[in-house]
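First up is the structure itself, then whatever we jot down about it.
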Amino acid sequence: MSEQQVESGQRVTPLELFFDLVFVFAITQVTGFISRDPTWLGLLRGLLLLGALWWAWAAFAWLTNTLNPEEGAVRIAVFVSIAAMLIVSLATPNAFGTDGVIFGVAYFVVRALHLALYAIAGRGDRELLRALSRLAPFAILAPTLLVGAGFLEGGPRLAVWGVALAVDYLGPVVVGHMRGWRISPEHFVERHGLVVIIALGESIVAIGVGAAGVPLDAGVIVAALLGIGVASALWWSYFDWVIFIAQARLAEATGWQRATLGRDLYSYLHLPMVAGIVLFALGMKTTLAHVSSPLPAIPAIGLCGGLALYFLAHVALRLRIGGSLGHGRPVATVLLIGLIPLSMAVPALSALGLVTAVCAALIAYEAIRYREGRAWIRSRRGAFTMEEARTGGARGRTPSPRSD
């Protein structure tokens, strides 16, 4: 697409949603991976897997923001990428075991196709081709290392995985700027909002999986209702007003500053949001299966620490936009971290109740404190400037980045 088409508004295509279905499966595989090995090592491996899967998804989110994936031979290449991503997902449960090489090779194919498609997108656009050439060495080296890791075992394999992800995630920072990359704010915000919903769907699936095989008694029913209450609070905290503030800030930026902001707000800061939801899903899965018993350490960290990570990412996003720490979400983050040791000492249902109370209190606090400001933001749905949010909207106590 032309620069004007990229910078203007566009919507997520059905083929992008089809690609995301494979990512749904991959997230489910990561949750199952950690639940089968609820140890510190299992948690570390699970987070490494999620980091690799997220970066592959994020790479295609940038690509389809620039290139129409439904036209011509590009459509076929995207289907091939989907197939390769499916193999990556199937190999995820044993990525640190017998299927390590399969995972690495399939992952390499996904990333190689991404680069090839971006080269097609850059035809006639020298700035984009230069940007791609600066990042390509990192995008080739990281999956190559994962292929090599498949031939190793134990500590060396884990170390190579860490190096590979460091290469991927630090590559854009080492490059130093994002000149040449262009994004459409509306499409980019919508695409990442949908992936948040995908992650929230995993938490709901975890409720069903955790309740499978246990009697549907009062404790399980209450736990399921509390779990959907937390998931609803997570949805509310993202889609009520945060998504519109982020979109307005992204639309206000131009050129490489917009690309840099998009990288930081979405490619980087949405990973801990998704990771937090995945960890919460792990905690829910264990809670439903053992409502009357205290949670082990890793599920306790998932239930409470996962939500803390999610809200901490919100705080970081607010700071990156240019605002202050705020009050509600930092306090909720601290409280949730404090609940981790308590959740290992009280019945899981009680711990879930306390977690739900913290989330509900946060939503109620923001809904009351910023009642008029939220209404002002939602009525414009991102179609405002940050200055308008700080002045006109501020009269209604808007939760803008610079409000307290």
Side-chain angles (χ1 to χ4, degrees), residues 3 6 44-45 47-67 81 88 103-104 107-122 125-150 152 156-183 185 188 191-192 195 246 249-250 253-275 309 312-313 316-317 319-322:
E3 178 178 349
V6 171
L44 175 59
R45 288 174 171 172
L47 292 177
L48 288 173
L49 283 168
L50 182 61
L53 294 169
W54 170 261
W55 203 248
W57 179 90
F60 273 86
W62 280 82
L63 171 69
T64 54
N65 193 264
T66 305
L67 183 70
S81 301
V88 170
F103 180 97
Y107 189 81
F108 184 92
V109 171
V110 171
R111 301 294 301 279
L113 285 169
H114 167 260
L115 289 176
L117 288 171
Y118 238 126
I120 294 174
D125 187 341
R126 292 184 178 180
E127 287 190 7
L128 180 55
L129 286 177
R130 290 194 194 101
L132 184 63
S133 65
R134 289 192 297 267
L135 200 59
F138 300 95
I140 294 173
L141 176 58
T144 301
L145 288 172
L146 291 184
V147 174
L152 303 175
R157 171 181 284 181
L158 203 63
V160 173
W161 263 79
V163 172
L165 292 191
V167 168
D168 251 343
Y169 280 82
L170 293 178
V173 177
V174 173
V175 167
H177 58 77
M178 295 291 288
R179 289 186 180 87
W181 303 102
R182 303 182 186 93
I183 56 175
F188 214 60
R191 189 77 193 276
H192 286 80
V195 85
R249 180 66 183 88
L250 192 62
T254 58
W256 66 268
Q257 291 97 338
R258 175 184 288 181
T260 302
L261 189 65
R263 177 199 67 189
D264 296 346
L265 296 182
Y266 292 95
S267 299
Y268 285 151
L269 290 180
H270 272 59
L271 171 58
M273 291 186 196
V274 172
L309 180 62
L312 183 62
L317 183 143
L319 291 172
R320 180 62 181 88
I321 287 175

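Positions are given from 1 along the sequence. Nothing here was measured: the structure is a model prediction, and the numbers come from that model.
- Of all heavy-atom pairs between Tyr169 and Gly51, the closest is OH-O, 2.7 Å.
- Side-chain contact annotation: Ser267 with Trp62, donor-acceptor N/O pair under 3.5 Å present.
- His192 places no side-chain N or O within 3.5 Å of a backbone atom of His270 that could act as its donor or acceptor partner.
- In terms of heavy atoms, Glu127 sits closest to Arg182 at OE1-NH2, 3.3 Å.
- Separation of atoms CG (Leu48) and CZ (Arg157) is listed at 12.5 Å; rounding is to 0.5 Å.
- Checking side-chain atoms of Arg258 against main-chain N and O of Ala253 turns up a donor-acceptor pair under 3.5 Å.
- Smallest separation of non-hydrogen atoms from Ser81 and Val110: O-CG2, 4.0 Å.
- Ile140 approaches Phe108 most closely through the heavy-atom pair O-CE1, 4.2 Å.
- Arg263 places no side-chain N or O within donor-acceptor distance of the main-chain N or O of Tyr268, the cut-off being under 3.5 Å.
- Distance alone, capped at 3.5 Å, places no donor-acceptor pair between the Arg320 side chain and the Leu269 backbone.
- Taking the six-membered ring for Trp and the full ring otherwise, Phe138 and Trp55 have centroids separated by 6.0 Å or more.
- We find the CG-OG distance between Leu128 and Ser133 to be 9.5 Å, quoted to the nearest 0.5 Å.
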Checklist entry - Could you walk me through whether Trp54 and Val195 pass the side-chain contact (heavy atoms from CB on, under 4.5 Å) check? => result CA-CA 10 Å; Trp54 170 261; Val195 85; 3.9 Å; yes
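- Between Thr64 atom OG1 and Phe60 atom CZ the span is 9.0 Å, to the nearest 0.5 Å.
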Next on the checklist: Determine whether Leu250 and Tyr266 satisfy the following criterion, side-chain contact (heavy atoms from CB on, under 4.5 Å), listing intermediate values before the conclusion.
Outcome noted: CA-CA 10 Å; Leu250 192 62; Tyr266 292 95; 4.0 Å; yes
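- Going from atom CG of Leu261 over to atom CD1 of Ile321 covers 7.0 Å, rounded to the nearest 0.5 Å.
- The ring of Phe103 has its center closer than 6.0 angstrom to the ring center of Trp161.
- The shortest heavy-atom contact between Pro143 and Tyr107 is CB-CD2, 3.9 Å.
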